[in-house]
Protein chains: 2
Amino acid sequence: MNLARTSSNFASCADCNIRNRAVCATCDSDELSRLEDIKYYRTFDAGQQIMFQGDEMHFVASVVTGAAKLSRTLPDGRIQMLGLLLPSDFIGRPGREHVAYDVEAIQDVTLCCFRRKPFEALIDVTPHIGQRLLVMSLDELEVAREWMMLLGRKTAREKISCLLSLIGRRTASLHLQHVGDGLSFEMPMSREAMGEYLGLTIETVSRQMTALRKDGVIEMTGSRTIAIPDLTVLMAETGDDTDGGVLY
Amino acid sequence: MNLARTSSNFASCADCNIRNRAVCATCDSDELSRLEDIKYYRTFDAGQQIMFQGDEMHFVASVVTGAAKLSRTLPDGRIQMLGLLLPSDFIGRPGREHVAYDVEAIQDVTLCCFRRKPFEALIDVTPHIGQRLLVMSLDELEVAREWMMLLGRKTAREKISCLLSLIGRRTASLHLQHVGDGLSFEMPMSREAMGEYLGLTIETVSRQMTALRKDGVIEMTGSRTIAIPDLTVLMAETGDDTDGGVLY
DNA sequence: CGTTGACTTGAACATGATCAAGTCAAGTGG
DNA sequence: CCACTTGACTTGATCATGTTCAAGTCAACG
């Protein structure tokens with residue numbers, strides 16, 4: 001496993017790809033330059049652990065590129081993924097000394113980091129950061145509650161359908177890979193990670209993927225390359241209202 | 001079903017029982033008086049619906065007394081409870097036009113309400129409210145994630161044990177009803193509500209309660225009067241680390 | 001060509017859901 | 001006071017969904 005690489009200010013905030021969605025989104029140019037003074041970049045390879053539950057939290061960060069997962073492990077080893085961190089998402093909680101969850105890169109990741117103490121000091125004098133953090137936290141709370149609904153009440157098939165439509169729609173909105181009514185994308189996580197996210201075993205994930213394929217809801221060329229011929233068909237499998245929910 | 005009763009300013013903020021835990025906790029006297037100008041109280045009977053998913057959100061509120069539940073229903077009728085609202089908890093999301101979840105009183109409830117628009121305007125000029133709201137949202141997020149762990153990975157017996165120890169410890173901290181190592185309390189919700197919270201059916205809830213009773217983990221005199229002879233024994237059934245987690 | 005890791009498939013099993021009765025205490029009306 | 005009803009809870013029998021354990025496939029890589 002490689003060490004994380006650190007480098008300073010290799011990109012200007014002004015032309016950052018997450019400029020208008022991240023924690024800095026509503027900062028004015030003055031606030032932005034003060035953030036810029038304390039930022040530094042770090043990269044992590046896929047599979048590398050970014051933070052360990054219980055460790056001291058030295059920095060908070062925005063995801064710039066790649067994807068990471070938030071998870072917690074029970075004493076006997078059962079794992080539940082608690083969140084998916086994608087570009088513009090925020091890692092860490094200001095005001096907390098210790099890390100509450102494990103954070104692991106599931107793809108190569110670039111983070112825009114801020115040492116925690118200076119960042120906390122900056123919040124107090126920069127209202128736009130606190131306001132933005134509130135909106136982002138409330139959004140995260142809605143996502144978490146949507147996921148509670150899924151974990152508590154949905155069947156394995158519905159869970160898989162939800163995840164696929166979530167990832168599918170998200171990547172479609174990024175890359176605009178529409179093919180008629182359908183779309184295709186690369187799954188950014190292993191079957192194991194899918195199971196950790198959905199509260200299922202890897203075998204159940206695999207079986208339900210096969211079942212959805214046999215029923216013509218999805219097409220697979222290689223285990224992670226997914227095509228959805230008709231999104232409405234997939235949506236009908238999620239158990240949700242057909243007109244679509246919140247979920248990112 | 002009775003109508004909700006409305007009355008204005010029957011208590012002064014200064015000697016309110018949730019003064020130092022609610023959204024107003026960090027307000028100075030000036031900010032507090034501006035909040036006081038727009039507040040009004042409403043009460044709801046147990047079982048009465050406070051807000052309906054999808055309705056326009058006319059007000060936000062703090063729970064002053066009693067208990068309410070946050071829940072969502074799937075199109076086919078499956079229900080999942082998403083949060084338990086106790087005194088000092090905040091209801092509603094500033095900036096949102098519509099209600100995202102059903103809110104229902106599970107005991108008689110008193111709310112300290114603020115019409116949404118004036119409250120939103122107040123946030124912008126009252127930094128302490130926004131800051132407090134951020135901390136409360138982050139706390140709620142941690143509770144929601146703890147519950148995701150429970151819903152996704154815990155067994156029925158562990159789920160019931162978690163809920164009992166949660167309610168038990170919470171009421172103990174309020175009323176200090178310790179009896180040696182143990183404690184006793186009244187369950188504030190029906191078996192049905194327990195099932196909705198834990199992602200279980202009412203029958204499974206009942207069976208696991210019986211099983212815990214037969215194993216001597218809990219004692220029951222009447223279906224809602226619970227005694228816990230030894231809290232460490234109950235904690236050992238939760239699947240969590242023995243040194244206790246976050247959970248409220 | 002053998003090894004490895006990710007994924008799939010199968011058979012047996014177990015946990016919790018479903019369907020159906022049954023208990024029990026608190027009303028309600030004769 | 002006694003039947004009758006009602007609602008909340010419990011219990012039992014059966015079923016189904018998802019888990020567990022085990023083996024097998026497949027592509028990538030040395």
Side-chain angles (χ1 to χ4, degrees), chain A residues 1 45-47 69 74 76-80 104 106-107 150-164 186-215 218-226 237 239, chain B residues 1 45-47 69 74 76-80 104 106-107 150-164 186-215 218-226 237 239:
Chain A
M1 192 185 281
D45 294 330
K69 65 176 187 179
L74 290 177
D76 67 357
R78 282 173 286 179
I79 298 175
Q80 176 65 50
E104 186 185 320
I106 53 180
Q107 297 177 329
L150 175 145
L151 291 171
R153 292 299 181 198
K154 287 187 178 171
T155 64
R157 186 181 174 105
E158 289 171 334
K159 287 176 174 179
I160 296 285
S161 301
C162 283
L163 183 62
L164 291 176
E186 197 72 11
M187 204 61 195
M189 58 179 88
S190 66
R191 294 289 186 270
E192 186 176 22
M194 292 172 71
E196 287 174 8
Y197 207 8
L198 301 172
L200 297 171
T201 59
I202 183 172
E203 293 95 333
T204 301
V205 171
S206 183
R207 271 186 260 271
Q208 295 299 334
M209 293 289 286
T210 303
L212 287 172
R213 180 167 50 74
K214 285 187 175 161
D215 294 349
I218 61 173
E219 287 159 12
M220 283 163 60
T221 52
S223 60
R224 302 216 189 166
T225 311
I226 314 287
E237 296 284 351
Chain B
M1 192 184 279
D45 294 329
K69 64 176 187 180
L74 290 177
D76 66 357
R78 282 172 287 179
I79 298 175
Q80 176 66 49
E104 186 184 319
I106 52 179
Q107 297 177 329
L150 175 143
L151 291 171
R153 291 299 180 198
K154 287 187 179 174
T155 65
R157 187 181 173 105
E158 288 170 334
K159 287 176 173 179
I160 296 285
S161 300
C162 283
L163 183 62
L164 291 175
E186 197 72 9
M187 204 60 196
M189 59 178 86
S190 66
R191 295 288 186 270
E192 186 177 22
M194 292 173 70
E196 287 174 9
Y197 207 8
L198 301 172
L200 296 171
T201 59
I202 183 172
E203 294 96 331
T204 301
V205 171
S206 183
R207 271 186 260 271
Q208 295 299 333
M209 293 290 286
T210 303
L212 287 172
R213 179 167 50 74
K214 286 187 175 159
D215 294 349
I218 62 174
E219 287 158 14
M220 282 164 62
T221 53
S223 60
R224 302 217 189 166
T225 312
I226 314 286
E237 296 284 352

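Treat the numbers as computed from the prediction; the structure is a model and nothing was measured. When reading the values below, keep in mind they use all heavy atoms of this one structure, side chains included, and skip hydrogens, waters and symmetry mates. The chains referred to below are lettered A, B, ... by the order of the sequence lines, with proteins before strands, and numbering in each begins at 1.
The separation between A:E158 atom CD and D:dA16 atom P is 17 Å, rounded to whole Å. Nucleotide D:dT19 holds its C1' atom 10 Å from the CG atom of A:L200, rounded to whole Å. When rounded to the nearest whole Å, the span between CE of B:M189 and C1' of D:dC9 equals 16 Å. Rounded to whole Å, atom C1' of C:dT15 lies 9 Å from atom CD of B:Q208. If you measure from atom CG of B:D76 to atom P of C:dT18, you get 10 Å, rounded to the nearest angstrom. If you take CD1 of B:I226 and P of D:dC9, they are 11 Å apart, rounded to a whole angstrom. Going from atom CZ of A:R153 over to atom P of D:dT17 covers 16 Å, rounded to whole Å. For B:I160 and D:dC9, the CD1 to P distance is 12 Å, given to the nearest whole Å.
For B:D76 and B:R78, the salt-bridge test passes: some basic side-chain N is under 4.0 Å from an acidic carboxylate O.
A:K159 places a side-chain N or O within donor-acceptor distance of the main-chain N or O of A:L198, the cut-off being under 3.5 Å. When atom types are taken as modelled, the side chain of B:T210 and the backbone of B:S206 share a donor-acceptor pair closer than 3.5 angstrom. The closest donor-acceptor contact from the side chain of B:T225 to the backbone of B:T221 lies under 3.5 Å. Side-chain atoms of B:R191 come within 3.5 Å of backbone atoms of B:S223 as a donor-acceptor pair (strictly under, hydrogens ignored). For the pair A:Q80 (side chain) and A:E196 (backbone), a donor-acceptor distance under 3.5 Å is present.
Within the 4.0 angstrom heavy-atom criterion, only backbone atoms of the sugar-phosphate kind lie near A:G199; the bases stay farther away.
Annotation: side chain of A:M187 is in contact with side chain of A:M194 (closest heavy-atom distance under 4.5 Å). You'll find the side chain of B:M220 reaches within 4.5 Å of the side chain of B:I226, heavy atoms only.
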Kindly give the atom pairs (protein nitrogen or oxygen, nucleotide nitrogen or oxygen) under 3.5 Å for nucleotides 26-28 of chain C.
none

Each nucleotide N or O in nucleotides 10-14 of chain D that has a protein N or O under 3.5 Å away: list the pair and distance.
| residue | atom | partner | partner atom | Å |
| --- | --- | --- | --- | --- |
| D:dT10 | OP1 | B:R191 | NH2 | 3.3 |
| D:dT10 | OP2 | B:R191 | NE | 2.8 |
| D:dT10 | OP2 | B:S206 | OG | 2.8 |
| D:dT10 | O5' | B:S206 | OG | 3.1 |
| D:dT11 | OP2 | B:T210 | OG1 | 2.7 |
| D:dG12 | N7 | B:R207 | NH1 | 2.8 |
| D:dG12 | O6 | B:R207 | NH2 | 3.2 |

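In this structure, A:R224 reaches the C:dC7 phosphate: one of its side-chain N or O atoms is under 4.0 Å from OP1 or OP2. OP1 or OP2 of D:dT19 sits under 4.0 Å from a side-chain N or O of A:T201.
Qualifying side-chain contact (heavy atoms from CB on, under 4.5 Å) partners for B:A211, counting only residues two or more places apart in sequence or in other chains: B:R157, B:Q208.
Place A:S190 and B:T155 on DNA chain C by their nearest nucleotides, and A:S190 ends up nearer the 5' end.
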